[in-house]
Number of protein chains: 2
Amino acid sequence: MPKIVNHEERREHLAEAVWRIIRREGLEGVSVRSVAEEAGMSLGSLRHYFDSQSALLAFSMRLVAERIKKRIQSLPQDGDPREHIETLIGQIVPLDEERLAESQIWMAFSTFALTEPDLRPLSREIHDSLRDVFRKIFETLDQSQLLKPGLDSELEAKRFHALVDGLVVHGVIASEVISAEEIAGIIERHLDSLLEP
Amino acid sequence: MPKIVNHEERREHLAEAVWRIIRREGLEGVSVRSVAEEAGMSLGSLRHYFDSQSALLAFSMRLVAERIKKRIQSLPQDGDPREHIETLIGQIVPLDEERLAESQIWMAFSTFALTEPDLRPLSREIHDSLRDVFRKIFETLDQSQLLKPGLDSELEAKRFHALVDGLVVHGVIASEVISAEEIAGIIERHLDSLLEP
DNA sequence: TGCTTAGCAATACAAGTGTATCAAAAAAAA
DNA sequence: TTTTTTTTGATACACTTGTATTGCTAAGCA
């Protein structure tokens, strides 16, 4: 047998190189050569792990989504429901550098996927799974009677989802103008308007 | 003197070709050659009107922003304030094909501008001018005492702005999943929660 | 009628693109 | 040590990219 190499680890290493290039130069800067160089390996090595550029991109996109997903799923469910929601949203919205990085990558991929048939299904899948997270939040709130009376939980889930993604976009394209505190404040205010005191 | 040609008209013609390519293939598909072909002219002609590709892109980006801006500014100010706000938001959010096209182009440009120093200031300018629109809306509402008591109009302007841009993004990346009626419904609901009955 | 010049078309060029191929290197198994 | 097979690196190929250059065309003024 040849050199022992953790295949999956190498693939993630390459995906992370893709992320760095996206943040620095945008998705236009992601070529197989630039990724190989960024990851410190040769073109041939890269092609050994990914048959094509689009396979590399799809893997990179899926990986960032899975990291966020896992972080959300590993959150403790107990305790105050409102606090749980706030920490959950805190995993999505660009409140710190890591979250900002993920937001930038998500936005780049989402835009790219609009005209890339190979990536569209994956983009939709990510969007839908986040939508389900919001749905579940409001279902639970509704059942626990924590929502203010008369609210349509399905509609509120969509409204909250749009607000959060809007904050993500604003955090990315106007990070110098909107602060983490403001983002957190807007979410606070929104929850105030939805939940029973 | 040579052939009489409306310079500005030609430039807009080229910008519109850029838009069509963005919608069809994304910004990656926008090369000087593809734009020239889409506009039905030669490479040399295009370069006669734009010294460089980035000048072409900047012009195209600015033009779409100005079209939206003009549409908003030409709205009649009289009548019911709430109705005015709804028609104003209706100029931004992808409720029909034309608005969807503009949203796609806006998203592509905004993402591209993140890593393009030439375009970043323009992107920020567009963002800021929309932020000012929202600010003004809530200032006016506040002065007319149409807002529910106890609301921070500055914060509410930011929240509304984020919600609207979130709806734009959702309308673009999940147009098959979210309908125009749903988008309109979410805005209705949001205004209900803000305005005095 | 000739002249000037904006507008246009064609070609060239260096650089970068994704992909394919193929041989060398390295390490476990014989 | 020899064999085997994954991993790696180099090179090549066809193509596209942005830009530059060059000369032709056509229209209005003198």
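A note on names: the letters A, B, ... follow the listed sequences, proteins ahead of strands, and every chain is numbered from 1.
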Rounded to whole angstrom units, what separation is found between the [atom1] atom of [X] and the [atom2] atom of [N]?
X      : N       : atom1 : atom2 : answer
E8(A)  : dT7(D)  : CD    : P     : 13 Å
L57(A) : dT17(C) : CG    : C1'   : 14 Å
H13(B) : dC8(C)  : NE2   : P     : 10 Å
L56(B) : dT19(D) : CG    : P     : 10 Å

Counting only heavy atoms not in [X], do more than 12 fall under 6.0 Å of its [atom1]?
X       : atom1 : result
D51(A)  : CG    : no
E37(B)  : CD    : no
K136(A) : NZ    : no

Ignoring backbone atoms, test whether [X] places a side-chain nitrogen or oxygen under 4.0 Å from the OP1 or OP2 oxygen of [N].
X      : N      : value
R10(B) : dC8(C) : yes
Y49(B) : dC8(C) : yes
H7(B)  : dA6(C) : no

*So do the side chains of S60(B) and E16(B) get within less than 4.5 Å of each other, counting heavy atoms only?*
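Side chain of S60(B) against side chain of E16(B), heavy atoms only: no contact under 4.5 Å found.
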| query | Does V30(A) offer a backbone N or O that forms a donor-acceptor pair with the side chain of Q53(A) under 3.5 Å? | reply |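 Confirmed, Q53(A) side chain pairs with V30(A) backbone.
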Check your understanding: Any donor and acceptor pair, going by atom type alone, linking the side chain of E83(B) with main-chain N or O of D80(B) inside 3.5 Å?
Key ->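 It does not hold such a pair.
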field: Among I183(B), D165(B), L163(B), L88(B), the one residue meeting side chain to side chain contact (heavy atoms under 4.5 Å, CB included) with V93(B)
entry: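 Looking at I183(B), D165(B), L163(B), L88(B), the match for V93(B) under the side chain to side chain contact (heavy atoms under 4.5 Å, CB included) is I183(B).
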*Tell me which residues in residues 35-48 of chain A put a heavy atom below 4.0 Å from DNA chain C, sorted by number, or none.*
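Output list: L43(A), R47(A).
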inquiry  = Tell me which residues in residues 14-33 of chain A lie within less than 4.0 Å of DNA chain C, going by non-hydrogen atoms.
reply    =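 Contacting residues: V30(A), S31(A), V32(A), R33(A).
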Checking salt bridge (Lys or Arg N to Asp or Glu O under 4.0 Å) for the pair E98(A)/R71(A): CA distance, chi angles, key distance, verdict? CA-CA 12 Å; E98(A) 189 188 345; R71(A) 224 167 43 218; 3.5 Å; yes
*asked:* On DNA chain C, does the nearest nucleotide to S34(A) precede the nearest nucleotide to D51(A) from the 5' side, or the other way round? Give the residue.
replied: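 Taking each residue's closest nucleotide, the earlier one in sequence belongs to S34(A).
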Hey, mind stepping through E102(A) and R67(A) against salt bridge (Lys or Arg N to Asp or Glu O under 4.0 Å) and telling me if it holds? CA-CA 10 Å; E102(A) 288 172 351; R67(A) 292 233 173 134; over 6 Å; no
